[in-house]
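Below: one structure, written as structure tokens.
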Amino acid sequence: DAAAPLIDATIAGMSVTAQLLQSQRKVESWILWIAVDALATGLFWSRGLIATSILYAIFFAIALWGLVAWRRTMERAPA
């Protein structure tokens with residue numbers, strides 16, 4: 001009875017992968033979180049879950065900020 005089981009499963013799988021990458025301190029985790037949050041925002045918006053969609057839009061902004069901050073830190077770090 002799920003409305004979008006494939007997209008929902010994709011979001012869940014990508015979230016687990018992003019968390020694993022983040023635990024290994026991989027910059028790619030931020031890119032994956034951005035993709036997860038974009039998909040989730042669209043999915044929840046399309047289902048009429050506006051508050052949840054707004055929450056994931058905030059997560060999207062936080063992930064963008066994290067990626068930018070991480071890259072700035074890496075640029076300043078000694079080689």
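These numbers were taken from a predicted model, which means no experiment stands behind them. If you read the sequence from its start, that first residue is 1, and numbering goes on from there.
Note that CD1 of Ile50 and CZ of Phe44 are 11.5 Å apart. Values are rounded to the nearest 0.5 Å. Residue Lys26 holds its NZ atom at 14.0 Å from CG of Leu32, rounded to the nearest 0.5 Å. Once rounded to the nearest 0.5 Å, the distance linking CZ of Phe60 with CG of Leu39 reads 10.5 Å. The CD1 atom of Ile31 lies 10.5 Å from the CG atom of Leu64; values are rounded to the nearest 0.5 Å. How far OG1 of Thr52 is from CZ of Phe59: 10.0 Å, rounded to the nearest 0.5 Å. Distance check: Ile34 CD1 to Trp65 CH2 gives 13.0 Å after rounding to the nearest 0.5 Å.
Taking the six-membered ring for Trp and thresholds of 30 and 60 degrees, Trp30 and Trp70 have ring planes more than 60 degrees apart, a perpendicular arrangement.
Across Leu43 and Ile11, no two heavy atoms sit closer than the pair CD2-CD1, 3.8 Å. Gln22 and Ser29 get closest at one heavy-atom pair: N-CB, 3.5 Å. The heavy-atom pair separating Thr41 from Ala57 by the smallest distance is OG1-N, 3.3 Å.
Linking Ile, Leu, Val, Met, Phe, Trp and Tyr whenever their side-chain heavy atoms come within less than 4.5 Å puts Met74 and Leu67 in one cluster.
Of the possible polar contacts, none joining the Ser53 side chain to the Leu49 backbone as a donor-acceptor pair under 3.5 Å is found.
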Given side-chain contact (heavy atoms from CB on, under 4.5 Å), test Gln19 with Trp33 step by step and report yes or no. CA-CA 8 Å; Gln19 186 61 48; Trp33 278 124; 3.7 Å; yes
